[in-house]
Amino acid sequence: MTHRTIHLFNKGLRLHDNPSLLAAMESSAAVYPVYVLDRQLMAASAHIGPLRWRFILQSLEDLHSSLQERGSRLHVLQGPYLDVVRHLVARWGITQISFDSEVEPHCVQLEAGLRGLAGELGLSIISCVAHTLYDVKRIIKTNDGKPPLTYKKFLHVLSFLGEPDKPARDITTADFQKCLTPRQDGDDEKDRVPTFEELGLEVEPEVLWPGGESHALKRLEQHFQSQGWVANFSKPRTIPNSLLPSTTGLSPYLSLGCLSVRTFYHRLSSIYAQSKNHSLPPVSLQGQVLWREFFYTVASATPNFTKMEGNPICLQIGWYDNQEALQKWKRGQTGFPWIDAIMTQLRQEGWIHHLARHAVACFLTRGDLWISWEEGMKVFEEYLLDADYSINAGNWMWLSASAFFHHYTRIFCPVRFGRRTDPEGQYLRKYLPVLKNFPSKYIYEPWNAPEEVQLQAGCVIGKDYPLPMVSHQEVSERNLELMKQVRSEQGNTAELTRDVADDPMEIGAKRHAQEEGPGADESAGRSCSSAASSRKRCSSGGEHGGRACSWTPEAVRLPEISSEVM
DNA sequence: TCCTGGTTGGTGTT
DNA sequence: AACACCAACCAGGA
């Protein structure tokens with residue numbers, strides 16, 4: 001009980017289920033809650049956009065307030081991580097440090113640095129696993145030292161481990177009364193949470209997702225009032241284009257540890273215990289956090305998990321290097337309203353539904369643009385409030401059929417997929433106001449609207465809103481062939497070399513020529529429908545499911561594929 | 001070596 | 001709304 005301890009918050013920005021902090025308090029006469037804001041270190045591990053920064057700062061503010069309510073405070077210090085800790089150890093006469101043990105490479109590296117420093121300075125260490133349900137090392141050990149590569153196998157391995165640990169008890173004012181947390185050095189303004197302005201950030205004033213533990217717990221309680229909804233939750237049945245999230249929206253809070261995944265898991269168990277027919281993994285809510293656990297487990301044991309090259313579980317594919325097409329996707333200017341609306345919501349709000357992520361990820365990679373999943377992953381990393389090293393990379397490999405998922409023939413149609421659950425296009429009208437006056441019949445494929453309809457809607461396609469950047473029908477068929485080829489070559493040859501030529505259209509042209517001979521001529525044909533296959537066609541009417549496209553097969557002369565990716 | 005099953009496709013038929 | 005079919009992937013298990 002005589003230690004003087006620094007608790008280093010990293011993720012785990014909470015006072016519920018925080019076993020490292022609790023153990024620090026139980027073994028100390030004084031505990032200093034500290035957050036080291038090492039911007040260089042953070043920038044090296046991930047590209048964090050302004051929305052995520054705001055979320056982090058709000059979460060720190062929230063933590064600071066909670067600590068103040070309990071008679072303590074949060075010290076936020078900027079600078080190189082280990083230098084800051086070394087300085088604080090001397091300044092406060094520290095004998096012990098505590099922190100959560102995490103599995104991301106940069107966290108592992110930081111922990112090694114902290115352990116080295118502790119050895120050098122003779123400090124005791126407390127470190128607990130609190131960001132995942134299990135210590136993923138235990139999962140891997142139980143599976144003979146390898147990460148399970150399927151979810152089913154993963155669940156099977158977990159069945160040997162029993163239930164995850166119960167959450168640690170909440171940290172209360174009483175805990176802080178027993179354990180002095182000195183505030184005497186300097187006033188409250190010293191070492192406080194920086195503002196956006198101080199970090200040089202500009203961000204929209206509207207806050208849809210306020211960061212912090214108290215907001216996380218409030219959101220949790222709101223959802224848990226609907227016990228039936230929680231018990232019967234089935235992920236594939238949730239709606240990607242509802243105007244309010246159709247899922248719990250807890251992912252940002254879980255990713256930063258404002259909400260403990262073990263708290264969430266055990267709260268779900270208690271609801272399931274009272275329910276006769278609750279849903280099950282993989283689609284249940286518990287199944288969702290087990291997916292999270294799955295990706296953490298595989299990521300922790302896979303070298304170069306966020307890259308294709310040097311990643312042993314990742315299919316090696318010669319993706320196109322097309323910066324212009326990538327920028328169109330990123331900025332929501334593909335000409336496909338469903339894709340562009342999703343990317344707009346992502347940039348503006350920092351959260352999109354899981355299935356919406358599928359739609360845009362498939363479009364960028366194996367569906368349409370044939371651009372590397374790594375590029376998409378980086379964009380998500382920048383914009384998503386719930387950006388997460390393991391889950392983000394894992395899902396991008398999944399969607400691009402590079403790992404985990406292999407049914408590459410299942411390609412999302414950028415016109416019909418969204419129309420299924422939002423035939424009137426309310427979601428599109430909200431995020432792409434330029435299209436808001438289009439009739440529902442055409443809003444998912446406005447380039448098919450007759451000129452007078454476009455004029456009536458006050459939006460001429462090609463002028464006020466872009467033409468579709470590719471013919472989905474054409475490029476998706478080409479990509480399917482490319483994928484087939486990759487898979488047949490992968491077995492007996494070395495990995496495909498990545499295309500580095502400076503003209504991606506040229507690459508596409510070459511590949512296409514090799515496979516199928518010269519393409520057709522270059523007119524018209526920016527359509528979801530196909531001349532090659534009249535049975536596959538896009539309905540242009542939301543309310544007439546089977547209605548044929550306004551393009552007749554004869555009218556569509558498909559352009560050469562390579563020229564489509566502009 | 002073969003067989004099974006896989007969180008969430010799309011089309012067409014009933 | 002439910003189902004067969006498409007074309008035929010991979011990890012894991014027998």
Side-chain angles (χ1 to χ4, degrees), chain A residues 142-144 146-157 159 232-242 246-247 251 278-295 297-298 301-302 312-317 338 342 352-363 365-368 391 394-395 397-422 444 472-473 476-477 479-491 528-530 532-539 544-549:
Chain A
T142 307
N143 192 44
D144 300 326
K146 306 162 298 192
L149 292 178
T150 64
Y151 187 76
K152 197 179 173 185
K153 172 79 170 168
F154 174 77
L155 293 183
H156 180 65
V157 175
S159 70
N232 295 312
F233 181 92
S234 177
K235 188 62 165 285
R237 296 200 193 286
T238 57
I239 293 170
N241 39 15
S242 59
S246 60
T247 50
S251 58
H278 64 82
S279 54
L280 291 168
V283 299
S284 64
L285 275 177
Q286 244 174 19
Q288 303 314 297
V289 289
L290 290 167
W291 277 106
R292 174 181 186 271
E293 198 84 357
F294 170 70
F295 287 123
T297 304
V298 183
T302 306
I313 66 166
C314 182
L315 192 62
Q316 304 295 305
I317 296 174
W338 167 235
I342 294 168
I352 51 178
H353 185 276
H354 188 63
L355 289 175
R357 301 180 195 204
H358 280 214
V360 296
C362 184
F363 185 88
T365 59
R366 65 188 171 85
D368 295 79
I391 302 170
N395 274 310
M397 279 188 269
W398 183 294
L399 259 297
S400 63
S402 297
F404 307 115
F405 174 85
H406 313 284
H407 283 243
Y408 61 84
T409 56
R410 296 183 186 174
I411 294 172
F412 293 89
C413 175
V415 171
R416 275 159 308 192
F417 186 55
R419 190 150 61 191
R420 274 206 313 245
T421 44
D422 179 23
Y444 282 88
H472 170 71
Q473 186 67 45
S476 62
E477 282 178 12
N479 292 350
L480 211 137
E481 290 304 314
L482 283 174
M483 196 61 95
K484 229 182 265 183
Q485 191 190 326
V486 167
R487 280 156 202 275
S488 68
E489 286 170 359
Q490 204 92 145
C528 180
S529 67
S530 166
S533 169
S534 58
R535 75 183 172 83
K536 294 182 189 172
R537 56 180 182 255
C538 272
S539 161
H544 313 294
R547 190 180 178 279
C549 205

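Reminder, nothing fancy here: chain letters follow the sequence lines and each chain counts from 1. Here the structure is a predicted model, which means the values were calculated and not measured.
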*Looking at B:dT8, B:dG10, B:dG5, which one has an atom nearest to any side-chain atom of A:F405?*
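Of the options given, the side chain of A:F405 lies nearest B:dT8.
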*For DNA chain B, produce a single dot-bracket line, 5' to 3'. Pairs: Watson-Crick or G-U wobble, both distances under 3.5 Å. Symbols: ( ) within strand, [ ] crossing, | other strand, . unpaired.*
||||||..||||||
For [N] and [M], measure between their [atom1] atoms and round to the nearest Å.
N      : M     : atom1 : answer
B:dT13 : C:dA7 : P     : 15 Å
C:dC6  : B:dT7 : P     : 24 Å
B:dT4  : C:dA8 : C1'   : 14 Å

Rounding to an integer number of Å, can you tell me how far [X] [atom1] sits from [N] [atom2]?
X      : N      : atom1 : atom2 : result
A:H354 : B:dT8  : NE2   : C1'   : 8 Å
A:F412 : B:dT8  : CZ    : P     : 8 Å
A:E477 : C:dC6  : CD    : C1'   : 13 Å
A:I411 : C:dA7  : CD1   : P     : 13 Å
A:H353 : B:dT7  : NE2   : P     : 17 Å
A:H358 : B:dG10 : NE2   : C1'   : 17 Å
A:R410 : B:dG6  : CZ    : P     : 11 Å
A:R366 : B:dG10 : CZ    : P     : 10 Å

*Contact class for A:F404 (heavy atom, under 4.0 Å): base, sugar-phosphate, or nothing?*
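Nothing: the residue A:F404, judged by heavy atoms under 4.0 Å, touches no strand.
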*Dump the intermediate steps for side-chain hydrogen bond (donor to acceptor under 3.5 Å, both in side chains) on A:T238 and A:H353, then the final yes or no.*
CA-CA 9 Å; A:T238 57; A:H353 185 276; 2.8 Å; yes
Has [X] got a side-chain atom pairing as donor or acceptor with [Y]'s backbone, closer than 3.5 angstrom?
X      : Y      : result
A:Y151 : A:G287 : yes
A:N241 : A:G418 : yes
A:S279 : A:F233 : yes

*To the nearest 0.5 Å, tell me how far A:Q473 CD sits from A:I411 CD1.*
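Between atom CD of A:Q473 and atom CD1 of A:I411 there are 9.5 Å.
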*Out of curiosity, A:I391 CD1 to A:H354 NE2, how far, rounded to the nearest 0.5 Å?*
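The distance works out to 10.0 Å.
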*Is the distance from OP1 or OP2 of B:dT8 to the nearest side-chain N or O of A:R420 less than 4.0 Å?*
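False: A:R420 side-chain N/O out of range (4.0 Å or more) of B:dT8 OP1/OP2.
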_Annotated protein contacts, base or backbone, on nucleotides 8-14 of chain C with a non-hydrogen cut-off under 4.0 Å, one of B, S, - each_ = SBSSSS-
Within-4.5 Å side-chain heavy-atom neighbours: [X] and [Y]:
X      : Y      : result
A:Q288 : A:T247 : no
A:L399 : A:F412 : yes
A:W338 : A:F363 : no

